[in-house]
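Let me begin by presenting the structure, written as structure tokens, before commenting on it.
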Amino acid sequence: MNALRIAVAVIGFIAAIFWTWYIPLICILALSLRFRAWEAIALGVFMDLLWLAPGAGFHGLPLFTIFAVLVVWAFEPLRKELLS
Amino acid sequence: MANGFRNSGSSGRNARRRLMLATFLAVVVLLLNIALGGKLSSLARDIAAPIASVGGKAGEAIGANGYFTTRGALEAQIAALQAQLQQEQLQSGAYAALEQQNQSLSSLEHLAQTTPGLAAPIISSIISSPYGTFSIGAGSADSVSVGSLALTSGNFVVGKVSQVQAHQSLVTELFASGQQTPVTIDSASVVAAGSGGQAIAQVPHGVTVAVGDPVLSPQMGNRPVGVVQHVDSNPANAQQAVYVSLPVSLSSLQYVYVSP
């Protein structure tokens with residue numbers, strides 16, 4: 001399981017540089033669904049540091065970080081119920 | 001078994017603590033980035049740029065490998081034909097835009113004036129950014145400043161420089177989601193709202209708009225920013241929706257011309 005977690009995280013970070021933006025989005029979702037994945041939040045921060053310009057996006061908000069934090073914590077009750 | 005339960009409980013608590021720490025650090029990093037004026041973003045792009053460059057070259061080497069020759073040859077032919085078609089569309093759009101500029105009465109414009117600026121390579125992926133941004137390999141050391149325009153070879157405005165480092169800059173596409181650009185279409189002044197790759201402008205029904213009409217931006221020296229790709233003139237709507245896009249695929253660009 002750790003190998004899967006590492007693999008998805010690596011794919012997400014590579015995709016942040018090379019591939020379409022929805023691949024890191026899917027990786028954040030996948031990591032959050034199964035793990036209490038701090039790397040999902042790190043991936044969101046990385047996307048925003050890399051691509052967010054002042055005034056870009058929705059009033060310059062770091063959407064990927066916000067999304068990652070919300071998704072990771074929103075799935076917490078689901079993870080506790082199904083995985084504990 | 002009791003130990004197993006205690007261990008799973010403590011590991012769960014540790015994982016939760018790590019998650020809270022990660023959330024806290026994420027907020028700190030983003031606030032620090034804002035406080036430092038984007039220095040952390042610059043650092044992230046400085047790390048990513050050479051990786052993107054090496055990865056791109058590796059991809060090209062793999063693609064040129066004989067193992068993929070047949071598929072590669074067909075894809076190269078398709079790409080060449082698409083590039084030829086895009087070039088002809090670009091030239092056609094550029095001609096129409098230049099013709100319209102020529103007809104507009106501006107005592108300050110000189111047709112033969114050379115646009116100052118420099119050519120800059122695109123050093124990041126165009127498709128990776130969710131915010132419609134990309135990096136170019138020119139910065140403050142090359143006299144690039146925030147607000148400089150990024151142009152195609154046909155003088156179409158691709159975007160504006162939004163962040164500048166010493167040797168690279170971040171460009172925000174004109175048609176990025178949420179970007180509003182005042183434009184003129186057939187002498188009608190409207191606002192084009194970016195929707196990622198294209199823009200939509202609401203034009204009154206009295207204005208005749210045709211596919212292929214150039215779209216100019218008065219704020220950017222009346223330079224063309226795109227061509228009309230589609231007109232939705234449903235009489236039931238108060239206005240007609242005009243879809244505007246560049247006559248060239250951004251992914252096919254390797255260089256842009258940066259003009260102050």
Side-chain angles (χ1 to χ4, degrees), chain A residues 2 5 9 12-26 28 31-32 34-77 79-81 83-84, chain B residues 5 8-9 11-31 33-34 37-45 47-49 51-52 55-56 59 124-135 146 159-163 169-173 176-179:
Chain A
N2 271 343
R5 181 174 171 174
F13 278 96
I14 291 174
I17 299 175
F18 292 112
W19 296 324
T20 331
W21 56 268
Y22 52 77
I23 294 180
L25 196 79
I26 291 168
I28 289 171
L31 286 169
S32 307
R34 177 62 184 84
F35 308 102
R36 284 191 179 104
W38 57 266
E39 58 271 23
I41 297 176
L43 180 54
V45 172
F46 183 61
M47 280 291 286
D48 286 329
L49 285 180
L50 207 54
W51 300 115
L52 183 64
F58 183 68
H59 298 288
L61 286 175
L63 297 178
F64 258 73
T65 303
I66 292 170
F67 172 76
V69 168
L70 286 177
V71 160
V72 161
W73 287 104
F75 282 153
E76 176 66 8
R79 285 192 298 263
K80 279 174 85 170
E81 186 66 30
L83 303 174
S84 61
Chain B
F5 279 127
S8 71
S11 70
R13 277 195 299 275
N14 286 340
R16 199 182 165 86
R17 276 195 209 109
R18 276 197 295 269
L19 204 56
M20 290 191 73
L21 181 63
T23 307
F24 174 72
L25 282 175
V27 173
V28 166
V29 164
L30 288 175
L31 290 175
N33 187 45
I34 294 170
K39 284 205 167 43
L40 294 181
S41 294
S42 304
L43 183 64
R45 285 194 284 273
I47 294 168
I51 297 172
S124 73
S125 167
I126 295 284
I127 60 173
S128 293
S129 171
Y131 305 112
T133 56
F134 59 90
S135 294
V146 172
K160 275 189 184 177
V161 174
S162 48
Q163 252 182 355
S169 304
L170 191 69
V171 175
T172 302
E173 293 169 30
S177 293
Q179 294 291 318

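Predicted, not measured: the structure shown is a model, and the values here were computed from it. To find a chain, count down the sequence lines: A is the first, B the second, and so on, and within it residues start at 1.
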Taking all non-hydrogen atoms of both residues, which atom of [X] and which atom of [Y] are closest, and how far apart?
| X | Y | result |
| --- | --- | --- |
| Trp21(A) | Ser128(B) | CB-O, 3.2 Å |
| Ser162(B) | Ala53(A) | OG-CB, 3.2 Å |
| Gln163(B) | Leu52(A) | OE1-O, 4.3 Å |

Of the listed residues (Ala44(B), Gly38(B), Gly132(B)), which shares the most heavy-atom pairs with chain A below a 4.5 Å separation?
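The residue among Ala44(B), Gly38(B), Gly132(B) with the greatest pair count is Ala44(B).
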Which atoms of [X] come close to chain B, meaning under 4.5 Å heavy atom to heavy atom: side chain ones, backbone ones, both, or neither?
| X | result |
| --- | --- |
| Ala37(A) | backbone |
| Glu39(A) | neither |
| Ala16(A) | backbone |
| Phe64(A) | both |
| Ala68(A) | neither |

Within-4.5 Å side-chain heavy-atom neighbours: Asn33(B) and Asp48(A)
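No, side chains not in contact.
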For [X], which atoms come within 4.5 Å of any heavy atom of chain A: side chain, backbone, both, or neither?
| X | result |
| --- | --- |
| Leu170(B) | side chain |
| Leu30(B) | side chain |
| Ala176(B) | neither |

side-chain hydrogen bond (donor to acceptor under 3.5 Å, both in side chains) against Ser124(B), all qualifying residues, sequence neighbours excluded:
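Listed in chain order: nothing, the list is empty.
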Considering only heavy atoms and a distance below 4.5 Å, find which of Val45(A), Ile17(A), Val72(A), Thr65(A) pairs most often with chain B.
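Looking at each option in turn, the highest pair count goes to Ile17(A).
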Among Trp19(A), Phe18(A), Phe46(A), single out the residue with the greatest number of heavy-atom pairs under 4.5 Å to chain B.
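It is Phe18(A).
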Could you give the distance from [atom1] ([X]) to [atom2] ([Y]), rounded to the nearest 0.5 Å?
| X | Y | atom1 | atom2 | value |
| --- | --- | --- | --- | --- |
| Arg36(A) | Met20(B) | CZ | CE | 11.5 Å |
| Trp51(A) | Ser125(B) | CH2 | OG | 5.5 Å |
| Phe35(A) | Leu19(B) | CZ | CG | 13.0 Å |
| Leu50(A) | Leu40(B) | CG | CG | 12.5 Å |

Worked check of side-chain contact (heavy atoms from CB on, under 4.5 Å) between Leu49(A) and Val29(B)
CA-CA 9 Å; Leu49(A) 285 180; Val29(B) 164; 4.1 Å; yes
